[in-house]
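Have a look at the structure below before the remarks.
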Amino acid sequence: MINNGDTAFVLAAAGLVLLMTPGLALFYGGMVRGKNVLGTFMQSLMMIALVSIEWVALGYTMSFGPDLHGVIGSLAWLGLNTVGAAPSPTYATTIPQSVFMIYQCMFAIITPALITGAIAERVRFAPFLVFALLWSLLVYNPVCHWVWGSGGWLAARGVLDFAGGLVVHLTSGAAALAAVLVIPPRSGFGKQSFMPHNLPMTVLGTGLLWFGWFGFNGGSALAANGIAATAFVSTHLAGMAGMAAWSLIEWAHRGKPTTLGAASGAVAGLATVTPAAGFVGPVPAILIGVIAGVICYNAVNFKNRIGLDDSLDVIGIHGVGGFVGTVCLGVFAAKAVNPAGADGLLAGNPAFLGRQIFGVMVVGAYAFVVSWVLLKVINAVMGLRVSSEAEVTGLDLHEHSETAYNN
Amino acid sequence: MINNGDTAFVLAAAGLVLLMTPGLALFYGGMVRGKNVLGTFMQSLMMIALVSIEWVALGYTMSFGPDLHGVIGSLAWLGLNTVGAAPSPTYATTIPQSVFMIYQCMFAIITPALITGAIAERVRFAPFLVFALLWSLLVYNPVCHWVWGSGGWLAARGVLDFAGGLVVHLTSGAAALAAVLVIPPRSGFGKQSFMPHNLPMTVLGTGLLWFGWFGFNGGSALAANGIAATAFVSTHLAGMAGMAAWSLIEWAHRGKPTTLGAASGAVAGLATVTPAAGFVGPVPAILIGVIAGVICYNAVNFKNRIGLDDSLDVIGIHGVGGFVGTVCLGVFAAKAVNPAGADGLLAGNPAFLGRQIFGVMVVGAYAFVVSWVLLKVINAVMGLRVSSEAEVTGLDLHEHSETAYNN
Amino acid sequence: MINNGDTAFVLAAAGLVLLMTPGLALFYGGMVRGKNVLGTFMQSLMMIALVSIEWVALGYTMSFGPDLHGVIGSLAWLGLNTVGAAPSPTYATTIPQSVFMIYQCMFAIITPALITGAIAERVRFAPFLVFALLWSLLVYNPVCHWVWGSGGWLAARGVLDFAGGLVVHLTSGAAALAAVLVIPPRSGFGKQSFMPHNLPMTVLGTGLLWFGWFGFNGGSALAANGIAATAFVSTHLAGMAGMAAWSLIEWAHRGKPTTLGAASGAVAGLATVTPAAGFVGPVPAILIGVIAGVICYNAVNFKNRIGLDDSLDVIGIHGVGGFVGTVCLGVFAAKAVNPAGADGLLAGNPAFLGRQIFGVMVVGAYAFVVSWVLLKVINAVMGLRVSSEAEVTGLDLHEHSETAYNN
Amino acid sequence: MKKIEAIIKPFKLDDVKEALNAKGIKGMTLSEVKGYGRQKGHKEIYRGAEYVVDFIPKVKLELIVEAEQVEEVIECIRQAALTGKIGDGKIFVLPVEDVIRVRTGEKGKSAI
Amino acid sequence: MKKIEAIIKPFKLDDVKEALNAKGIKGMTLSEVKGYGRQKGHKEIYRGAEYVVDFIPKVKLELIVEAEQVEEVIECIRQAALTGKIGDGKIFVLPVEDVIRVRTGEKGKSAI
Amino acid sequence: MKKIEAIIKPFKLDDVKEALNAKGIKGMTLSEVKGYGRQKGHKEIYRGAEYVVDFIPKVKLELIVEAEQVEEVIECIRQAALTGKIGDGKIFVLPVEDVIRVRTGEKGKSAI
Ligand SMILES: Nc1ncnc2c1ncn2[C@@H]1O[C@H](COP(=O)(O)OP(=O)(O)O)[C@@H](O)[C@H]1O
Ligand SMILES: Nc1ncnc2c1ncn2[C@@H]1O[C@H](COP(=O)(O)OP(=O)(O)O)[C@@H](O)[C@H]1O
Ligand SMILES: Nc1ncnc2c1ncn2[C@@H]1O[C@H](COP(=O)(O)OP(=O)(O)O)[C@@H](O)[C@H]1O
């Protein structure tokens, strides 16, 4: 039966998750040079159109439709067939199924948008759209089904992911790694410094992301209940702990705590706690945030040393965050917090940690390999990279015939 | 009886709709030149003060107070007399009437703010405020009563408008047309290009508008139920479809998809689905979005050809959107989706389409004529246009003694 | 028992109040010079990390834990011990206690962030963090307990504060006064003009603050009921009335209504109605907004005349607003509006006004004295002020090794 | 060869550019500057206080032209930039010793 | 007539303007530039990596003055702009052949 | 002493700076300008309409050098700034009568 409080809650959460995509566009857009800000925006924003269409046509049924061998949803709900105002008997049984569908749509939108940060300032718009579409079909939807779909094989094995550590962050991080290996660095990389053109924009984006993350994680309880409360609290605490940890380590390491560091640490904490949010209490959430800040800071620095042009650190923050968070859940999960969850290592159940590590390996490897193949093929057929002349001109003018700022 | 879930939902929605006014200010402000951004902001923001006062004093009772001959609400609820925490027996019966009142207030605020885009960069602040006040009293409140008021004559004739295709978008679009006819174009219009001074600001505004629109359309169900779900889903899908359609047509027509085009298409889709949101399923919603993108793109281009200085395209997007959406509702409405709605042309009921067209004609004509007369009179008495010297200086300095950016 | 509607509402409200901190960062950041914007951001943003940690460790139990002699909460809930998904029997009995805890956390975060406006552009980051931590422990938590804690002595005396006129605005305003007396003005103060570097940023911040304030005041009902409706309506009406009043008085006094004036008036109205929001009807709310606009405008002008460098007017807006609002509540409160409230002067109960004045005196004096001592000590030990060279360079580079804008 | 520097009102830039174009002058460099002179600055209001802002936005044009063109170019700019009100701007003429086109290495007149 | 170009530290602009004003110099044009010289640039941190930014914000003043005023104006600017620390800036003097006031068409000294 | 003004493509700035550095030239001032010349502007699209933007972002370098260095500096800049495509920019040489270092009051060559 429909519960109005739950429906209100998940609708609000869906709105919040939608807002994360412009939030991400601002977060990323502030970090690129002024000639690439609109191009960077477009890569995120256009996911709203592209993935929403894909989702209502195919994605929802592939992800959540009646299970086929644990691997994928059948096409029974093609084009939202039978998906209406009545609650699903399987998912989120106290809210209209259409609310569950649109809430999940917002997750499918932001996931490929996350990838764009890795290859910022150098990718052509059209081939990127082709990639994003195929990636949604071949990576996002299957993994989503495995982990969250009723009957999904990873779910059946007991792998847990509260709000998208595997489905969202690890898949996009693995794709980012593939993309950085396939697409050469920005010209001038390693010699020039590419300073952020507008850090206040990045801070604004961080604020909107944090705000939206309450919907992302809190809403994943799919009801306005104690689990939602647990997830909301964990989210906030891990975000703030990530921010604190990154800032302190940077202060110690470089002598100054930076604004971008604080923002990065916050996003690292928020991303890392995502798989665990509804399954752990406040103290583990803080620990997860601290771990996220420390590990992601080092991952980003390590990347700098090995010379990967993961321009806006998708691997180091989302990939590593999704990885670390899913494993941490294996350590910190406690049925005392959420009976629908699991007991982890610290609750005396190392087997669950093993399952989580297994989940990470499978999803990471699958997402990486498929992404790499997709990118290689698209690159061969269409050419993913802008010309060096276009790179000098900037994406805004070259790909969109616009300039961001005029006076 | 008060339902807490519904109350939570409509309060959240009211907050979201309020946020649309600063969102609109940013959307518009990014498109004007840097010397007019604050003036453009002020025209929207001050509606919060002006219209809120008008609404609690007179507007609410004129719009929703006890009906007088189908034409206007009586003054029984003057100054919110009797409007308190108890639910109304007529409107939104599961939430405090004060919640319904404040939710509707937010609609009354943004409607005149929409008009300002048509006459951006050239109108004096004081006479515009006078216009906005009189327009709220003489256009918004009556039309609101006709369409949404209990006993309103258009409602009685079966004209439907879920969340403001007629009441908000068509009235403001018709007023915009009148304004563009009364107030001469910006100096330099047709010779100079007036490039947007800050497109990221416009993109941010679009994000906030989209987010807010979930409250605007979803909240118009006035309860967190299946209708709200339908409206929420339609809103998102039409927004994304408008974005996709505008971008594709622009890509085909001009060779590049632009960021401003994507934003414009999104707003066109969102505006156009507004009257239909709670009455149609997802597939019609997508179609409405596509239709919106295509028609509004052409309307804006047509305007360019005939040389109207509808500076930020209020006619082409909101006027045309409100018109098209209301008519589309006549085509796509289905009682299967919302039993409280109607069956449209495709459900075998051409009569309903006729009623919708009638509604569009009446509201469009009424809003245009009254707006035109008001503008003519105010122009004669106070002079709406800034001096050409002030136009060179910019509204910010001339009207508000401020500059937006300093270093 | 947990009510899902109430839980959804307070979770949404908590998200909204969190958003106010980045909103405040933008509001303040737009008003400083471009070389100090990130430093200004950081002073607000880092409160999220610092105060959240303090809150879960100590703050929550000091503020709301089992009462010790009316003065402070005991340490029974140290580290959120026993604070989980079950509702508290004392506070917000229809939502998980963890929701109440995190909602209150957001208030504790923004309060010290408010202070930073008074001493913008000249304070070192590290000593400010030390001050903020000690201030939270020694000022915020005790005052919060006195006023809102079960058993708090001011609450026991019948002092009312709906959403933080005393606890948030007066404490931060009093601390701002202390800070301005201890920390010398910016160099060049009185000779140079420090024009806001980006007013659109300030307007955006205002929009986010207003939006968030619905959560701040509306959410303080701790349930989605009629009181929430009352608080929501009062908040909006006082905000708009403050905006209108400030704009009109400025128009009369200086010849032009400014954008910053409108924003300042709105914030003044919102801050001033905060203590009264759930206890007064719409007409008193409008009056409170008007009073706020008029008095705060004059307070800010008065400060200009006496040469205090309260850089972004924390005393004149938040301090005076908290003061005036709490006293106004003594005048306008009516049990007819909220039976859990009180009758004020106009309802024939001057004693309640006396109690409110007493509350203002006690809290104002306490917050001022403790803040002053803390600042003096920290200044002596660590030095609060940046060097004059660093002041020339700007906080962004000097304290954070960053620049906000590059091209 | 001479360098002409013209400080003009920003909204006159399009007119000046077109006038120069009509004369066949196709090369110039432009920058945003702030001017201080007889033209009074404007008043700004900041939270109820008034401030006078002295410096006024102007556009500076720099053109290298042949010596014999100087008079003509000056007149052309002057007419296009003229509003007759204070603050219309100034034109300065400076000597130039050499001009080099980066792309070709050409020098002197042919490099202009 | 001479053109004086002074590159100074931005926070000294108000002082320089007032000093020139006191000398009766009422016309000048100002622009934001970036300087490179002995003054060391600053370090910025970007996600844990350090970068050195070489160019430092400066303000450039351009004044046309009569030849006999040059010494006095230079000294005036120099004193007002002086902090004694590296990076205080430079003053250049260039010859000017003519000055025209757009508004009136006046030329030479009377146009300054 | 001479003043060298070079208008170059912005993305060549780092190369030019390094080349000058290698030659021991350690002082210069830079500003953002917009150029108009043979290089065609670009097309922008605004809500379905096309506009041509004529002015193209360039960077202007100003260097005061000793007269004997002029040739070498010009060549150095030219080579570092060269792409061979239209719009590579121009270099102008102007006479300078005096240079003063604000910090020390030094004049002439030693102030460069
Ligand atoms: N002596 C000068 N040196 C450099 N620039 C000057 C000088 N005098 C005026 N200017 C520039 O010319 C502009 C117009 O000068 P102003 O005195 O305001 O008007 P007008 O030339 O019409 O009398 C100023 O804003 C300033 O940029
Ligand atoms: N040769 C030069 N040509 C042009 N500008 C110069 C030259 N040398 C210095 N400058 C300008 O003067 C500023 C100050 O010079 P710098 O060498 O840093 O300090 P100082 O003059 O005190 O030794 C530089 O930032 C630059 O803008
Ligand atoms: N006569 C001129 N005076 C001043 N600047 C010029 C002149 N001609 C060209 N420029 C500057 O040089 C830049 C390059 O010139 P352009 O004609 O586009 O290319 P090229 O020099 O390769 O033929 C222009 O953008 C402009 O900034």
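This is a predicted model, so every value here is computed, not measured.
- With rounding to the nearest 0.5 Å, the separation of CG in B:Leu16 from CG in A:Leu19 is 9.5 Å.
- Between the side chain of A:His400 and the backbone N or O of B:Pro257, at least one donor-acceptor pair lies under 3.5 Å.
- If you measure heavy-atom distances from A:Thr403 to chain B, the contacts under 4.5 Å come from the backbone alone.
- Looking at B:Trp251, only its side chain comes within 4.5 Å of chain A, counting heavy atoms on both sides.
- Neither the backbone nor the side chain of B:Ile227 comes within contact range of chain A; no heavy atoms are under 4.5 Å apart.
- Atom CG of residue A:Leu208 and atom CG of residue B:Leu208 lie 7.0 Å apart, to the nearest 0.5 angstrom.
- The two residues B:Lys256 and A:Leu397 come nearest to each other via the heavy atoms NZ-O, 4.4 Å.
- Only the backbone of A:Glu399 has a heavy atom closer than 4.5 Å to any heavy atom of chain B.
- What you find for A:Asn406 and B:Pro196 is that their closest heavy atoms are ND2-O, 2.9 Å.
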Check the pair B:Arg254, A:Ser401 against side chain to side chain contact (heavy atoms under 4.5 Å, CB included), reporting the backbone distance first and the verdict last.
CA-CA 10 Å; B:Arg254 293 291 181 193; A:Ser401 289; over 6 Å; no
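- For A:Met101, the part lying near chain B is the side chain, with the backbone staying farther off; criterion is any non-hydrogen pair under 4.5 Å.
- How far NE2 of B:His236 is from SG of A:Cys105: 4.0 Å, rounded to the nearest 0.5 Å.
- Side-chain contact check for B:Pro282 versus A:Val56: every heavy-atom pair is 4.5 Å or farther apart.
- Taking all atoms of both residues into account, the shortest heavy-atom contact from A:Ala404 to B:Pro200 is O-CD, 3.5 Å.
- Comparing A:Val10, A:Val37, A:Leu38 by heavy-atom pairs within less than 4.5 Å of chain B, the highest count is held by A:Leu38.
- Interatomic distance, A:Phe211 CZ to B:Phe211 CZ, rounded to the nearest 0.5 Å: 4.5 Å.
- Scanning all heavy atoms of the two residues, the minimum distance from B:Leu199 to A:Glu402 falls at CD1-OE2, 3.6 Å.
- Heavy-atom pairs under 4.5 Å with chain B were tallied for A:Val99, A:Ile53, A:Leu50, A:Asn198; the largest tally goes to A:Ile53.
- When heavy atoms are compared at a cutoff of 4.5 Å, B:Ala244 approaches chain A by way of both its backbone and its side chain.
- Between B:Met240 atom CE and A:Met47 atom CE the span is 13.0 Å, to the nearest 0.5 Å.
- Heavy atoms closer than 4.5 Å to chain B are found in the side chain of A:Leu26, but not in its backbone.
- The two residues A:Ala85 and B:Gly226 make their nearest non-hydrogen contact at CB-CA, 3.9 Å.
- Per-residue counts of heavy-atom pairs under 4.5 Å with chain A were compared for B:Asn4, B:Asn225, B:Thr202, B:Val203; the largest is that of B:Val203.
- Ranked by heavy-atom pairs shorter than 4.5 Å toward chain B, the options A:Ile2, A:Asp396, A:Thr7, A:Leu11 are led by A:Leu11.
- Between the CD1 atom of A:Ile102 and the CZ atom of B:Phe232 there is a distance of 6.5 Å, given to the nearest 0.5 Å.
- When heavy atoms are compared at a cutoff of 4.5 Å, A:Tyr405 approaches chain B by way of both its backbone and its side chain.
- Interface summary for chain B: among A:Gly5, A:Ser52, A:Ala14, the most heavy-atom pairs under 4.5 angstrom belong to A:Ser52.
- Ranked by heavy-atom pairs under 4.5 Å with chain B, the first of A:Ala126, A:Ala49, A:Pro22 is A:Ala49.
- In this structure, chain A has no heavy atom under 4.5 Å from any part of B:Thr94.
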Report the C-alpha separation of A:Leu45 and B:Thr206 in whole Å, then their side-chain angles, then the decisive distance to 0.1 Å, and conclude whether the side chain to side chain contact (heavy atoms under 4.5 Å, CB included) test is met.
CA-CA 10 Å; A:Leu45 295 180; B:Thr206 307; over 6 Å; no
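- Here A:Gly15 is the residue among A:Gly15, A:Pro87, A:Pro96 with the most heavy-atom pairs under 4.5 Å with chain B.
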